[in-house]
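Just so you know, ligand 1 is whichever comes first in the structure, and atom 1 is the first atom listed for that ligand.
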Amino acid sequence: MPRMDEKVETIYHDVVSRNPGETEFHQATREVLESLGPVLVKHPEFTGHKIIERICEPERQIIFRVPWRDDKGEVQINRGFRVEFNSALGPYKGGLRFHPSVYLGIVKFLGFEQIFKNALTGLPIGGGKGGSDFDPKGKSNDDIMSFCQSFMNELYRHIGQYTDVPAGDIGVGGREIGFMFGQYKRITNRWESGVLTGKGLDWGGSLVRTEATGYGAVFFVEEMLKARKDTFEGKICSVSGSGNVAIYTIEKIHQLGGKVVTCSDSNGYIYDEKGIDLQLMQQLKEVERRRIKDYVQYRKHAKYVAKGNIWEVPCQVAMPSATQNEINGSDAAKLVKNGCIAVGEGANMPTTPEGVKIFLEAQIAYGPGKAANAGGVATSALEMQQNAQRDSWTFEHTEKRLQEIMKNIHELCYETAIEYGTPGNYVNGANIAGFIRVAKAMVALGVV
Ligand code: GLU
């Protein structure tokens with residue numbers, strides 16, 4: 001572990017003891033706080049205003065029962081969460097995650113990261129996150145609708161276009177956003193498009209939102225490569241996951257001349273040395289909602305490795321796009337040894353602290369999630385802009401805006417890392433630049 005500034009260390013210990021058992025939240029705060037010592041030296045006013053202490057405490061945390069009836073008529077109970085973390089820069093903004101692993105510690109780590117990620121976009125959005133321990137895997141469409149409606153029956157009173165604007169995350173895509181939007185409209189009798197993002201294109205959604213997290217992460221890596229006078233052209237790339245982020249990461253890498261040879265789900269991974277056939281993958285995952293092992297039925301030369309370790313596959317660029325802590329220290333060491341020169345995180349916090357240390361020491365181009373995957377939420381903010389204007393932009397225009405935003409985030413992180421004496425360290429760059437934006441607004445808004 002890198003050494004933490006003494007003042008900051010005390011705050012971190014306080015966070016741990018005030019939030020027992022929330023290991024992912026501890027990990028996420030530690031990662032940001034480790035970067036902040038030098039910021040307090042340059043900005044002593046942040047200490048006086050107790051900005052770090054305040055930023056680590058969510059403004060509001062909502063936990064609620066989600067009772068629903070499944071398609072066999074049986075009553076089911078899940079737990080729902082919305083953590084409204086920080087609204088200094090705009091309404092709370094962040095996704096909803098439906099996954100059995102969800103508990104308060106996961107929602108808080110995601111909400112905490114979201115504050116800084118959203119600040120990096122330069123758009124007027126605060127940070128929040130929510131979700132449920134509901135497991136959508138294998139559920140019928142009716143089950144999904146019943147659950148989403150019940151979830152919204154409580155959530156609706158906490159959200160609104162000027163208050164809190166949820167979106168998707170793992171387990172929540174266009175279908176779920178549709179069911180939740182329908183229920184919100186029914187309860188409130190308001191067609192309030194700006195209350196949720198990731199909506200369908202016929203009812204207030206934005207072009208490029210579906211592609212945005214993946215495309216944005218690739219644009220970020222493209223910028224990191226450019227800073228090293230390199231490009232994606234001819235690069236062998238490894239992508240994990242097979243959801244929305246992974247699929248559009250693969251698409252954009254292929255457009256830029258790289259070759260993605262892997263993807264995965266929670267059961268195993270695919271290795272396709274000729275490059276992942278994206279159309280086939282989209283048909284299996286997005287249309288038929290099948291598991292990726294079926295890919296090899298159609299691409300005979302490809303290999304499916306059940307329960308294998310995807311990071312053993314040699315690659316030059318790795319883009320973890322599945323979930324938190326999917327790359328540990330030994331995976332990171334393997335990647336570096338096998339010639340990996342760039343890592344761009346499409347998922348949130350996919351690398352453990354040990355892994356991050358290895359990437360930084362090896363001085364490869366390492367783009368942490370809160371910078372690299374900010375394109376998704378940035379395009380959500382563009383969706384909010386279009387909703388407010390009752391307008392819809394073209395694909396080309398929206399993609400261009402996304403690319404500019406990713407370029408700006410890269411430049412901001414790159415320059416901030418230099419300013420604080422750690423050139424090339426995008427972890428420090430992202431943490432410091434994101435923090436300063438929020439901290440300045442918090443100082444201006446007073447003790448609230
Ligand atoms: N869940 C996404 C993220 O991790 C997107 C959130 C949003 O669009 O509000 O940033």
- request: Check the angle between the aromatic planes of Y426 and Y414 and answer parallel, tilted or perpendicular using the 30° and 60° thresholds.
  value: tilted
task: Please tell me if the side chains of L201 and L207 come closer than 4.5 Å, counting only heavy atoms from C-beta onward.
output: yes
message: Could you identify the single nearest non-hydrogen protein atom to atom 6 (C) of ligand 1 and state the distance to 0.1 Å?
response: G95 N, 3.5 Å
- prompt: Hey, does N373 come in under 3.5 Å of ligand 1, counting only N/O atoms on both sides?
  reply: no
- request: Examine the proximity of ligand 1 to T213 and report which part, side chain or backbone, both or neither, has a heavy atom under 4.0 Å away.
  value: neither
T197 (side chain) donor-acceptor with A167 (main chain) under 3.5 angstrom: no
query: Once the angle between the rings of F98 and F134 is folded into 0 to 90°, is it parallel (under 30°), tilted (30 to 60°) or perpendicular (over 60°)?
result: perpendicular
task: Measure the distance from atom 8 (O) of ligand 1 to every protein heavy atom, then report the residue, atom name and distance (to 0.1 Å) of the closest one.
output: S380 OG, 2.6 Å
field: Under-4.0 Å heavy-atom contact with ligand 1, by part of R97 that carries it
entry: neither
- request: Please work out whether any backbone atom (N, CA, C, O) or any side-chain heavy atom from C-beta onward of K129 is under 4.0 Å from ligand 1, and answer side chain, backbone, both or neither.
  value: side chain
- request: Classify the ring geometry between F116 and F112 as parallel (under 30°), tilted (30 to 60°) or perpendicular (over 60°).
  value: perpendicular
query: Going by the order shown, which atoms of ligand 1 are within less than 4.0 Å of some heavy atom of Q114?
result: 3 (C), 4 (O), 10 (O)
task: Give the minimum heavy-atom separation between L280 and D277, together with the two atoms involved.
output: N-OD1, 3.1 Å
query: With a 4.5 Å heavy-atom cut-off, do I115 and V438 have their side chains touching?
result: yes
message: Quick test of your reading of the structure: of G168, G376, G111, whose heavy atom lies closest to atom 2 (C) of ligand 1?
response: G168
field: Which residue and heavy atom of the protein sit nearest atom 9 (O) of ligand 1, plus the separation
entry: K93 NZ, 2.7 Å
message: Going by side-chain contact (heavy atoms from CB on, under 4.5 Å), V343 matches just one of P350, S238, P320. Which one?
response: P320
- prompt: Does the gap between the ring centers of F179 and F147 come in under 6.0 Å?
  reply: no
- request: Note the single closest protein heavy atom to atom 3 (C) of ligand 1, along with its residue, its atom name and the distance in Å.
  value: K117 NZ, 3.3 Å
field: Any N/O pair A167/ligand 1 closer than 3.5 Å
entry: no
field: Within reach of ligand 1, part of M384 (heavy-atom separation under 4.0 Å)
entry: neither
- line: Numbered in order shown, the ligand 1 atoms found under 4.0 Å of a heavy atom of N348 are 4 (O)
- line: protein heavy-atom neighbour closest to atom 5 (C) of ligand 1 works out as R209 NH2, 3.4 Å
